[in-house]
Q: 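Got a structure here, written out as structure tokens. Questions coming.
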Amino acid sequence: MCGLFGAASRSGGTGAPQQLTEHEAIRLRDLLTRRGPDDAGCWSHRNVTLTHRRLAVLDPTPAGAQPMHLGDLHLVYNGELYNDAELRAELTKLGITFRSHSDTETLLHAWATWGTQALTRLRGMFAFAIYDSRLNTLTLARDPLGIKPLYFWHDTNELAFASEPFVLTKHPRITARPDMAMISAYLTTIRTTLGDRTLFEGIRSVRPGEMVSFDLGGERIVTQRKHFWTGPRIRDDLAPDDAAALVRATLGESISRHLRADV
């Protein structure tokens with residue numbers, strides 16, 4: 001696993017909103033060191049700061065370091081793409097040349113090529129944030145099963161996101177007030193999220209299979225939330241033996257993909 005933290009503020013309208021300093025961002029990033037002990041990165045541009053703590057699994061060389069950049073796109077990512085080889089082959093046919101073996105770079109090129117439609121092509125576990133400096137938009141996304149976590153907070157002027165809600169409670173302008181309904185739910189179900197609600201008031205979870213986009217260019221931050229995954233079609237026309245064979249083949253193929261690693 002890796003650790004993500006980032007912060008942004010609106011850039012339009014009158015009055016400059018308060019922003020985190022790079023020192024503050026790095027302090028919050030390093031609360032996630034146990035998630036990513038191998039490397040750390042920080043990048044700031046105008047009204048956005050992206051930071052990353054890396055656990056190197058694919059291409060542990062510096063070529064896989066994050067944040068990773070491609071033109072106007074800037075990415076921090078946690079996860080693994082199990083169809084990385086297929087996506088690379090498809091992108092290579094389109095004329096794209098890769099400089100690393102990291103699936104972070106695959107995701108970055110996929111987004112540059114297909115935009116938000118890239119999400120429907122990804123097979124894996126992931127949580128990521130991508131900033132488009134040309135459009136001045138920040139997008140968060142999470143895998144369809146919600147394996148990798150991602151949380152965020154925002155008001156009209158400022159936003160922050162992290163791999164763990166604890167980190168957001170240490171943000172100098174976020175008050176760690178309990179969400180009492182969620183506290184009650186936790187005591188009866190042991191669930192730390194319900195929908196997008198967390199144990200902390202105002203801190204939200206990106207839901208499984210969801211994309212959350214923030215437009216930073218106006219007088220207030222504008223948020224759009226969209227589910228990009230609707231689930232597979234369930235077949236009801238298979239005989240029991242055929243269904244068993246399909247399940248076995250699917251599980252075997254899935255396990256084989258999960259075994260890919262460089263370390």
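We number each residue from 1, following the sequence as shown.
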Q: When you measure from the side chain of Asp143 to the backbone of Lys148, do you find a donor-acceptor pair of N or O atoms at a distance under 3.5 Å?
A: yes
Q: Below 30° counts as parallel, above 60° as perpendicular, anything between as tilted: where do the rings of Phe126 and Phe228 land?
A: parallel
Q: Taking atom CD of Glu22 and atom OG1 of Thr51, what is their separation to the nearest 0.5 Å?
A: 10.0 Å
Q: Would you call the rings of His154 and Phe152 parallel, tilted or perpendicular if under 30° counts as parallel and over 60° as perpendicular?
A: parallel
Q: Could you tell me whether the side chain of Glu105 and the main chain of Ser100 form a donor-acceptor pair under 3.5 Å?
A: yes
Q: Nearest 0.5 angstrom please: Arg29 CZ to Leu4 CG, how far?
A: 12.0 Å
Q: Any chance you could measure Thr33, atom OG1, to Leu55, atom CG, to the nearest 0.5 Å?
A: 12.5 Å
Q: Tell me every residue that passes ring pair (Phe, Tyr, Trp, His ring centres under 6.0 Å) with Trp43, counting only those two or more places apart in sequence or in another chain.
A: His45, His69, His74
Q: Set out, in order, the CA-CA distance, both residues' side-chain angles and the distance that settles side-chain hydrogen bond (donor to acceptor under 3.5 Å, both in side chains) for Asn136 and Ser11, then state yes or no.
A: CA-CA 8 Å; Asn136 202 11; Ser11 59; 2.6 Å; yes
Q: Would you mind reporting whether Trp153 and Thr175 have side-chain heavy atoms less than 4.5 Å apart?
A: no
Q: Which distance, rounded to the nearest 0.5 Å, do you find between the CZ of Phe214 and the CZ of Arg225?
A: 7.5 Å
Q: Is the shortest side-chain N to carboxylate O distance from Arg35 to Glu164 below 4.0 Å?
A: yes
Q: Can you confirm whether Lys226 sits close enough to Thr116 that some side-chain heavy atom of one is under 4.5 Å from a side-chain heavy atom of the other?
A: no
Q: For the residue pair Arg121 and Glu86, establish whether any side-chain heavy-atom pair is separated by less than 4.5 Å.
A: no
Q: Testing Val206, Ile203, Val76 one by one against Phe161 for a side-chain contact (heavy atoms from CB on, under 4.5 Å), which residue passes?
A: Val76
Q: Could you give the distance from NE2 (His109) to CZ (Arg99), rounded to the nearest 0.5 Å?
A: 8.0 Å
Q: Take atom CD of Glu219 as the centre, draw a 6.0 Å sphere, and report whether it contains more than 12 heavy atoms from other residues, nucleotides or ligands.
A: no
Q: Given side chains that start at C-beta, do those of Leu145 and Met125 come closer than 4.5 Å, heavy atoms only?
A: no
Q: Compare all side-chain heavy atoms of Leu199 with those of Tyr186 and state whether any distance is below 4.5 angstrom.
A: yes
Q: Between Asn78 and Cys2, what is the shortest heavy-atom contact and its length?
A: OD1-N, 2.8 Å
Q: With no hydrogens and no angle check, is any side-chain donor or acceptor of Gln117 less than 3.5 Å from a backbone partner on Trp114?
A: no
Q: Where do Met1 and Arg34 land on the side-chain contact (heavy atoms from CB on, under 4.5 Å) test, with the steps shown first?
A: CA-CA 9 Å; Met1 60 183 176; Arg34 62 183 178 80; 4.3 Å; yes
Q: Would you say the side-chain atoms of Thr188 pair up with the backbone N or O of Ala185, donor to acceptor, closer than 3.5 Å?
A: yes
Q: Inspect the contact between Arg173 and Asp155 and indicate whether a charged nitrogen and a carboxylate oxygen are less than 4.0 angstrom apart.
A: no
Q: Tell me whether Ile174 is reachable from Leu20 by hopping between hydrophobic residues (I, L, V, M, F, W, Y) whose side-chain heavy atoms are closer than 4.5 Å.
A: yes
Q: List the steps and the verdict of side-chain hydrogen bond (donor to acceptor under 3.5 Å, both in side chains) for Tyr131 and Asp72.
A: CA-CA 8 Å; Tyr131 173 60; Asp72 296 318; over 6 Å; no
Q: In this structure, which one of Thr104, Asp103, Thr106 forms a side-chain hydrogen bond (donor to acceptor under 3.5 Å, both in side chains) with Tyr77?
A: Asp103
Q: Given Glu210 and Arg142, is the side-chain contact (heavy atoms from CB on, under 4.5 Å) satisfied, shown in steps?
A: CA-CA 6 Å; Glu210 184 181 42; Arg142 191 176 176 207; 5.9 Å; no
Q: Just wondering, do Gln224 and Asp215 contact through their side chains at under 4.5 Å, heavy atoms?
A: no
Q: Under 4.5 Å between side-chain heavy atoms, counting indirect links through other Ile/Leu/Val/Met/Phe/Trp/Tyr residues: same cluster for Met211 and Leu122 or not?
A: yes
Q: Hey, what do you get for CG (Asp132) to OG1 (Thr139), rounding to the nearest 0.5 Å?
A: 8.0 Å
Q: Are Leu138 and Leu28 grouped together when hydrophobic residues (ILVMFWY) are joined by side-chain heavy atoms under 4.5 angstrom apart?
A: no
Q: Are any non-hydrogen side-chain atoms of Lys170 and Phe5 less than 4.5 angstrom apart?
A: no
Q: Side chain of Thr61, backbone of Ala63: donor and acceptor closer than 3.5 Å?
A: yes
Q: With the side chain counted from C-beta on, respond yes when Ile221 and Asn157 share a heavy-atom pair under 4.5 Å apart, and no when they do not.
A: no
Q: Within the distance-only criterion (no hydrogens, no angle test), does the side chain of Asn83 pair as donor or acceptor with the backbone N or O of Arg123 below 3.5 angstrom?
A: yes
Q: Using the rule given for side-chain contact (heavy atoms from CB on, under 4.5 Å), can you reason through Thr223 versus Val212, listing the C-alpha separation, both sets of side-chain angles and the distance that settles it, and then say yes or no?
A: CA-CA 7 Å; Thr223 307; Val212 185; 3.8 Å; yes
Q: Could you state whether Trp229 and Leu150 fall into the same hydrophobic cluster, counting links through intermediate Ile, Leu, Val, Met, Phe, Trp or Tyr residues with side-chain heavy atoms under 4.5 angstrom apart?
A: no
Q: Donor-acceptor pair, distance only, cut-off 3.5 Å: does the side chain of Ser256 make one with the backbone of Gly252?
A: no
